[in-house]
Student: 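Pasting in a structure now, in structure tokens, and then I'll have a few things to ask.
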Amino acid sequence: MPTTDVLMPQMGESITEGTVTKWLKKAGDRVGKDEPLFEISTDKVDAEIPSPVSGTLSTILVKEGQTVAVQAIVAQIEASASDAAAATAAPPPAAKAAAAPPAKPSAPASPRASSPAPQPVAAEAAGSSDEDDDKLRSSPLVRRLAKENNVNLAEVDGTGPGGRITKEDLLAHMERMKSSPSRRASAPAPAAPDTVPAAPAASSAGRAREEIVPMTPMRKKIAERMVFSKHTAAHVSTVFAVDLTKVVALSLKERSRFEQQEGVKLTYTPFFIRAIIDGIKRFPVLNASISGEEIIYKKDIHMGIAVALDWGLIVPVIAHADEKSFLGLARSIADLGERARSKRLSVSEVEGGTFTLTNPGVYGGLFATPIINPPQVGIIGVGGVKKTPVVVDDAIAIRSIVHLTLSYDHRLIDGAVADQFMASVRQYLEGWDEDLYV
Amino acid sequence: MGSYTTSTEVHALRVISEPLSSLGDRTCKVYRMGRVPYGEALKLQADLADRRKRNEIADSLVLLEHPPVVTLGRNARRENLLSSAEQLERDGIELVETNRGGDVTFHGPGQLVGYPIVDLGRIRKDVGWYLRTLEEVLIRSLQDIGLAASRQSGMTGVWIERGDAGPAKVAALGVHLSRWVTSHGFALNIDTDLRYYRHIVPCGISAYPVTSLRESLAGELDREALECSIVGHFGTLMGLSMTVGAGTQSTAKWLKTAAAIV
């Protein structure tokens with residue numbers, strides 16, 4: 001009997017957990033697909049969650065009143081015999097011509113059946129005589145290759161005339177099997193030909209030591225955003241070495257007093273933000289975005305700060321960063337970072353950023369080329385701060401150097417402007433002249 | 001200094017500028033019902049939601065008010081109900097347990113209650129977005145009558161800042177979802193008698209009081225104009241074209257203004 005996990009559903013981008021408020025079925029009850037199974041609540045919203053499958057509710061794992069993360073397993077449903085039969089018996093309606101009353105033709109209509117229809121149907125119709133069928137659909141060379149490599153031709157999608165399997169089809173199929181040998185395990189799809197002992201490739205060479213794990217919603221979102229950005233923005237990165245000696249000295253000197261007096265950790269981040277804000281005011285196009293054929297210049301600066309989490313990445317936003325003092329920024333950064341890690345950010349706090357700061361240098365990386373966070377057009381990555389021998393006034397000196405990378409959208413920003421902006425950021429940092437306690 | 005305020009306006013603009021599905025001519029019927037007992041309105045909502053789920057009707061927005069009633073949401077904590085059932089009865093207040101999200105709340109005359117029955121599956125499957133958008137509908141509508149309202153971080157609802165007195169809540173939200181079809185919605189205090197609230201800790205928030213538009217606006221309050229604003233902003237922000245549903249209590253003025261929106 002196949003068991004289906006019932007998950008805490010994802011009710012929205014910002015929703016990370018939900019509370020089970022009521023079970024509408026008891027363990028042991030039968031439940032139909034789409035029949036309301038339990039109720040959950042998140043802030044101000046209650047929702048009835050329907051059962052994903054029909055069967056018997058075998059285990060309730062999360063009790064009423066308990067709060068769990070999105071995608072956590074809350075219960076398990078065992079598909080009953082008839083349900084299972086209905087599910088697995090569906091594929092071969094073609095062959096069963098007269099016997100059964102016209103069962104609901106759910107399988108052929110299934111979107112999973114992406115391969116052109118003819119082959120699976122033919123395979124089923126032929127029943128035991130797979131060989132004969134193969135002859136119809138492949139050349140002797142392909143059949144020999146298949147035999148040598150232990151491939152069942154019934155599983156191979158033919159792209160030749162009439163669904164004929166070409167040598168290329170076979171090779172491509174073998175390649176696919178090599179790269180995803182445990183595909184079968186993760187795909188309970190009723191795609192027809194899985195009944196055949198299909199994965200000799202997996203066992204033969206012993207190479208398939210892999211684990212297949214579904215992406216978390218956050219991972220999916222990150223993946224989607226990153227690719228979207230790379231597809232949309234014309235990324236260029238420019239790297240500046242900045243002499244941070246003055247900032248480092250000041251921060252060493254003030255660190256303990258600052259932390260004692262203000263109760264906030266003194267990091268380099270507010271220094272960088274102040275410098276970036278100054279630069280944006282000189283070159284406002286860095287704070288703009290593109291909308292169709294128009295440029296939107298944002299008058300407020302809302303600074304996104306990438307925060308690495310054990311389970312991914314989030315970019316909380318310091319709203320109106322340009323209206324904050326050094327101290328105010330330090331507090332906001334500490335507060336947002338802390339709440340990001342304890343999952344207590346609200347939606348509005350991760351949206352609306354107009355520029356982003358990220359720090360790929362925490363593990364000593366010299367610099368990185370960050371991906372822009374659309375619809376923004378610029379992002380600065382801070383590399384590691386490192387004591388370095390440099391030439392100052394024709395003498396060699398030891399200075400604290402940091403590499404700052406600006407990735408910018410070349411659709412909107414030209415190289416000259418980007419570099420002038422970066423030069424101004426560098427100048428601001430190198431000549432730091434700001435009171436930390438205001 | 002320890003906290004900071006978020007720029008609700010800018011954020012909201014972003015939040016709401018992205019209704020996901022590209023909608024064609026999606027209509028939403030507005031029903032303006034006048035004063036309806038809470039239980040009847042529950043039945044109406046259940047009926048509309050069922051028919052919406054079966055895709056027999058378009059989205060709806062029901063606007064009405066209730067006779068005095070205290071409702072307990074699914075997450076209600078009993079300690080937030082300060083009076084006994086008998087005391088409530090003596091004051092002519094009904095007590096109802098309901099399936100919306102949220103804690104304890106009060107509905108009564110002078111309140112504008114909005115129940116959107118919309119399929120979020122076709123708009124945007126995101127309850128956070130939905131709540132923020134409902135707030136935005138009300139914030140913009142209040143702006144239309146010259147009142148600056150805002151959000152308070154972590155406390156769903158629409159708030160009015162009163163200087164040193166701190167924020168007070170003017171509209172409460174609570175939503176129920178079934179297969180992404182919404183019911184319940186918002187309650188905006190226009191000139192509600194706020195003394196009713198002494199029976200409860202509204203939404204379980206004891207630190208901040210509730211308020212009404214009457215408390216903040218000296219001039220004439222035009223409920224119909226406000227309703228029209230809400231309908232207009234609701235349509236814009238949800239990506240729906242609003243039409244007047246049959247059986248609606250329609251004054252000539254309402255129809256005229258509604259026609260202007262549609």
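Each chain gets a letter, A, B and so on, in the order its sequence line appears, and its residues count up from 1. FYI, side chains are in, hydrogens and waters are out, and symmetry mates aren't considered; it's all heavy atoms of this structure.
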Student: Let me know if A/E262 has heavy atoms under 4.5 Å from chain B in its side chain, its backbone, both or neither.
Tutor: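 Neither the backbone nor the side chain of A/E262 comes within 4.5 Å of chain B.
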Student: As an exercise, state the distance from OG of B/S178 to CZ of B/R52, rounded to the nearest 0.5 Å.
Tutor: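 One gets 13.0 Å once the value is rounded to the nearest 0.5 Å.
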Student: Answer yes if the side chains of B/R124 and B/T133 hold a donor-acceptor pair under 3.5 Å, and no otherwise.
Tutor: no
Student: Below 30° counts as parallel, above 60° as perpendicular, anything between as tilted: where do the rings of A/Y437 and A/F258 land?
Tutor: tilted
Student: Please state whether the rings of B/Y115 and B/H66 are parallel, tilted or perpendicular, taking 30° and 60° as the class boundaries.
Tutor: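 Aromatic pair B/Y115/B/H66 classed tilted.
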Student: Tell me, side chain or backbone of B/L173 under 4.5 Å from chain A's heavy atoms, or both, or neither?
Tutor: backbone
Student: Pick from B/L131, B/L120, B/T156, B/T182: which one has the most heavy-atom pairs with chain A under 4.5 Å?
Tutor: B/T156
